[in-house]
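Comments concern the structure below.
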Amino acid sequence: MGWFGMFLPACTPKAVVDKFSAEALRILNLPDVRERIEAMGLNPAADTPQALGEVMRSEAALYAKIIKDANIRLN
């Protein structure tokens, strides 16, 4: 499984993040936009910035464990 996210600089004011997120959700929920995304074989599952942060932390922990357990090293 994969995912795409949209990011802003870390120092972006919360009001700007909230506005950006609300507009992104609004656009992703437009029927023609959803149709085009689904036509590419993707599932537009828009969520909050906090939810994306949770996905990122969860995946980072998962892949860190896989890398450690498999003893993967950079050369």
Side-chain angles (χ1 to χ4, degrees):
M1 180 174 92
W3 51 267
F4 294 91
M6 296 176 14
F7 299 87
L8 296 170
C11 61
T12 304
K14 184 177 179 335
V16 174
V17 171
D18 292 345
K19 174 81 171 166
F20 185 89
S21 179
E23 282 300 300
L25 287 170
R26 184 186 67 77
I27 292 166
L28 283 171
N29 284 314
L30 293 172
D32 59 325
V33 173
R34 291 189 74 81
E35 246 178 61
R36 292 185 74 171
I37 293 171
E38 289 168 352
M40 293 185 283
L42 302 171
N43 177 22
D47 214 325
T48 65
Q50 296 77 17
L52 177 57
E54 285 298 318
V55 167
M56 293 173 61
R57 282 186 286 281
S58 172
E59 295 226 345
L62 169 68
Y63 289 108
K65 181 176 179 357
I66 290 169
I67 290 166
K68 182 180 177 188
D69 292 350
N71 198 30
I72 296 171
R73 303 274 185 238
L74 292 175
N75 292 330

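For the numbers below, each heavy atom of this structure counts, side chains included, while hydrogens, waters and symmetry mates do not. Keep in mind that this is a model prediction, so the values were computed, not measured. For this chain, numbers begin at 1 and follow the sequence in order.
Scored by the side chain to side chain donor-acceptor pair (under 3.5 Å) test, Asp69 finds Lys65 as partners (sequence neighbours excluded). The side chain to side chain donor-acceptor pair (under 3.5 Å) check on Asn29 picks up Arg34, with sequence neighbours excluded. For the side-chain contact (heavy atoms from CB on, under 4.5 Å) test, residues two or more places apart in sequence or in another chain that qualify with Arg26 are Glu23, Leu30. For Arg73, there are no salt bridge (Lys or Arg N to Asp or Glu O under 4.0 Å) partners two or more places apart in sequence or in a different chain. A search for side-chain contact (heavy atoms from CB on, under 4.5 Å) contacts involving Val16 returns Thr12, Pro13, not counting sequence neighbours. Partners of Phe4 under the side-chain contact (heavy atoms from CB on, under 4.5 Å) rule, at least two apart in sequence or in another chain, are Leu42. Contacts of Glu35 classified as side-chain contact (heavy atoms from CB on, under 4.5 Å), with partners at least two apart in sequence or in another chain: none. Take Glu54 and apply the salt bridge (Lys or Arg N to Asp or Glu O under 4.0 Å) test, not counting sequence neighbours, and it matches Arg57.
Leu74 belongs to no multi-residue hydrophobic cluster, having no ILVMFWY side-chain contact under 4.5 Å with any other such residue. By the 4.5 Å side-chain criterion applied to Ile, Leu, Val, Met, Phe, Trp and Tyr, Ile67 is assigned to a cluster that also includes Ile72. Grouped by direct or indirect side-chain proximity (heavy atoms under 4.5 Å, Ile/Leu/Val/Met/Phe/Trp/Tyr only), Val17 sits with Met6, Leu8, Phe20.
Residues Met40 and Trp3 do not share a hydrophobic cluster, clusters being chains of Ile/Leu/Val/Met/Phe/Trp/Tyr side chains in contact below 4.5 Å.
For Gly5 against Leu52, the heavy-atom pair with the smallest separation is CA-CD2, 4.1 Å.
Atom CG in Asp47 sits 7.5 Å away from atom CG in Leu25 (nearest 0.5 Å).
Screening residues 5-19 for salt bridge (Lys or Arg N to Asp or Glu O under 4.0 Å) gives Lys14-Asp18 as the qualifying pairs, with residues at least two apart or on separate chains.
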